[in-house]
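For reference, the structure discussed in these notes is given below.
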2 protein chains.
Amino acid sequence: MSTDTKRIKIPRPGKPVRGSRTGQPIMVLFDLLGRRWAMGIIWNLHNTPCTFRALQERCDSISPTVLNARLKELRASNLVTTCDKGYCLTGEGEKLYTCLEPLGAWAKGWSKDL
Amino acid sequence: MSTDTKRIKIPRPGKPVRGSRTGQPIMVLFDLLGRRWAMGIIWNLHNTPCTFRALQERCDSISPTVLNARLKELRASNLVTTCDKGYCLTGEGEKLYTCLEPLGAWAKGWSKDL
DNA sequence: ACTTAATGCTATTAAAAATGTAGCAATATG
DNA sequence: CATATTGCTACATTTTTAATAGCATTAAGT
């Protein structure tokens, strides 16, 4: 469980990122969340800390390479951390989750008329 | 402005998608939104229809290849459509936007303590 | 102490997606 | 007509993601 962030690009507010030269917070967030499995990881981690391997299974057998990359990014962004049970959301991460939560209900309605 | 959807993979609720064999609506949505620029496009299109090229500029000069791919997906998913001003969000798209909106405020707070 | 099993990864190769640039066809405008 | 704008497509390059194997470390079982 290293916090090694070398050679990975973490989007940072105020700095140019993929998708925003200005580094507007929302665009930085979209850059971070708009990566494969980022939101799924937050969703699956909500209120249920778990080990790397358990998380891997919950995320439909996501490859360890990507899971590890996402976890590094999310930890560097202070959304995910480690606890005695393994990985879990930080306080900020849980707050972010509550912002995402309404999407669950919306998605159900959307899926009906699709 | 064709509605040509051949050769692109649109995630569909109820069907296995990238990231969910079960096709849970939320996972389908995450698959769709977890693609580069998808959320940024919705954000930029909110209440402000515009042409392909104008949208391209708003999205920090996103490449036309990706913009077009995202637009096809979002149109096929009934979130984006065309109007006299060019592209715009559908009713569903605007509803989705209201789900995303809180992220703007959250992101500002998050960016401070990062 | 010696296995065995689980955990957290890294390495590697291949496939898919995104980027960047050029430019074309169609329509509108002067 | 000539020019400009629009909505894209083509193509080559770079990044990401995927898929699979497996290693090092720790914890438990016998």
Side-chain angles (χ1 to χ4, degrees), chain A residues 1-11 16-21 27 30-41 44-45 48-76 80-88, chain B residues 1-11 16-21 27 30-41 44-45 48-76 80-88:
Chain A
M1 290 216 183
S2 74
T3 312
D4 173 21
T5 53
K6 70 196 169 201
R7 92 185 56 208
I8 60 173
K9 299 166 209 153
I10 312 290
V17 290
R18 281 191 327 186
S20 174
R21 297 205 188 87
M27 290 303 159
F30 284 165
D31 182 9
L32 188 67
L33 296 185
R35 297 176 183 197
R36 189 77 46 95
W37 270 111
M39 290 186 284
I41 289 170
N44 279 307
L45 226 39
T48 31
C50 64
T51 66
F52 185 96
R53 279 172 128 106
L55 185 54
Q56 214 185 335
E57 279 176 30
R58 277 194 213 170
C59 292
D60 222 34
S61 301
I62 178 180
S63 81
T65 319
V66 175
L67 178 54
N68 194 38
R70 285 305 90 82
L71 284 174
K72 274 183 187 167
E73 293 159 8
L74 294 173
R75 280 198 289 168
V80 165
T81 189
T82 54
C83 59
D84 56 331
K85 305 272 181 63
Y87 288 101
C88 61
Chain B
M1 291 219 183
S2 74
T3 313
D4 172 20
T5 54
K6 69 195 169 203
R7 91 184 57 208
I8 60 172
K9 301 164 206 154
I10 313 289
V17 290
R18 281 192 328 183
S20 175
R21 299 204 189 85
M27 290 303 161
F30 284 164
D31 183 9
L32 188 67
L33 296 185
R35 298 177 182 197
R36 196 119 337 147
W37 270 110
M39 291 186 285
I41 289 170
N44 280 306
L45 227 39
T48 30
C50 64
T51 66
F52 186 95
R53 278 175 131 104
L55 184 54
Q56 212 184 336
E57 279 176 29
R58 276 195 213 170
C59 292
D60 221 33
S61 302
I62 177 180
S63 82
T65 319
V66 176
L67 178 55
N68 193 38
R70 285 304 90 82
L71 285 172
K72 273 183 186 168
E73 293 159 9
L74 294 172
R75 280 198 288 169
V80 164
T81 189
T82 54
C83 61
D84 56 331
K85 305 272 181 65
Y87 288 102
C88 60

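Sequence lines set the chain letters: A, B, ... in the order given, protein chains first and strands last, and positions in each chain run from 1.
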Original post:
E73(A) CD to dT16(D) C1': how many Å, rounded?
Top reply: 10 Å
Original post:
Atom CH2 of W37(A) and atom C1' of dT17(D): how far apart are they, to the nearest Å?
Top reply: 13 Å
Original post:
Taking side chain as C-beta onward, heavy atoms only, is K85(B) less than 4.5 Å from T48(B)?
Top reply: no
Original post:
What is the distance from CG of L67(B) to P of dT9(D), rounded to the nearest Å?
Top reply: 11 Å
Subject >> Heavy-atom side-chain contact between C88(B) and T81(B) under 4.5 Å >> reply: yes
Original post:
Where do T82(A) and R75(A) land on the side chain to side chain donor-acceptor pair (under 3.5 Å) test, with the steps shown first?
Top reply: CA-CA 9 Å; T82(A) 54; R75(A) 280 198 289 168; 5.1 Å; no
**OP:** Compare all side-chain heavy atoms of M27(B) with those of N44(A) and state whether any distance is below 4.5 angstrom.
**Re:** yes
**OP:** Side-chain contact test, heavy atoms from C-beta onward, threshold under 4.5 Å: evaluate it for L67(A) versus P64(A) and give yes or no.
**Re:** no
Subject >> Side chain to side chain, F30(B) and I41(A), heavy atoms closer than 4.5 Å >> reply: no
Original post:
Mapping C50(A) and V66(B) onto DNA chain C by nearest heavy atom, which one lands closer to the 5' end?
Top reply: C50(A)
Original post:
Is the phosphate of dG7(D), meaning OP1 or OP2, less than 4.0 Å from a side-chain N or O of T51(B)?
Top reply: yes
Subject >> E73(B) side, atom CD; R35(B) side, atom CZ - distance, nearest 0.5 Å >> reply: 4.5 Å
Are there any protein N/O atoms within less than 3.5 Å of an N/O atom in nucleotides 10-13 of chain D, and if so, which ones and at what distance?
| from | atom 1 | to | atom 2 | distance (Å) |
| --- | --- | --- | --- | --- |
| dA10(D) | N6 | T65(B) | OG1 | 3.3 |

**OP:** Grab the CG-P distance between D31(B) and dA18(D) for me, whole Å please.
**Re:** 9 Å
Original post:
Which nucleotide in the list dA18(C), dA18(D), dG7(D) gets nearest to the side chain of S63(A)?
Top reply: dA18(D)
Original post:
Whole-Å distance between dA21(D) C1' and Q56(A) CD?
Top reply: 13 Å
Original post:
What is the distance from CG of L71(A) to P of dT17(D), rounded to the nearest Å?
Top reply: 13 Å
Original post:
Rounded to whole angstroms, how far apart are CZ on R36(B) and P on dT19(C)?
Top reply: 5 Å
Original post:
Closer than 4.0 Å, any side-chain N/O of N68(B) to the OP1 or OP2 of dG7(D)?
Top reply: no
**OP:** Take atom CZ of R75(B) and atom P of dG7(D), then tell me their distance rounded to the nearest Å.
**Re:** 11 Å
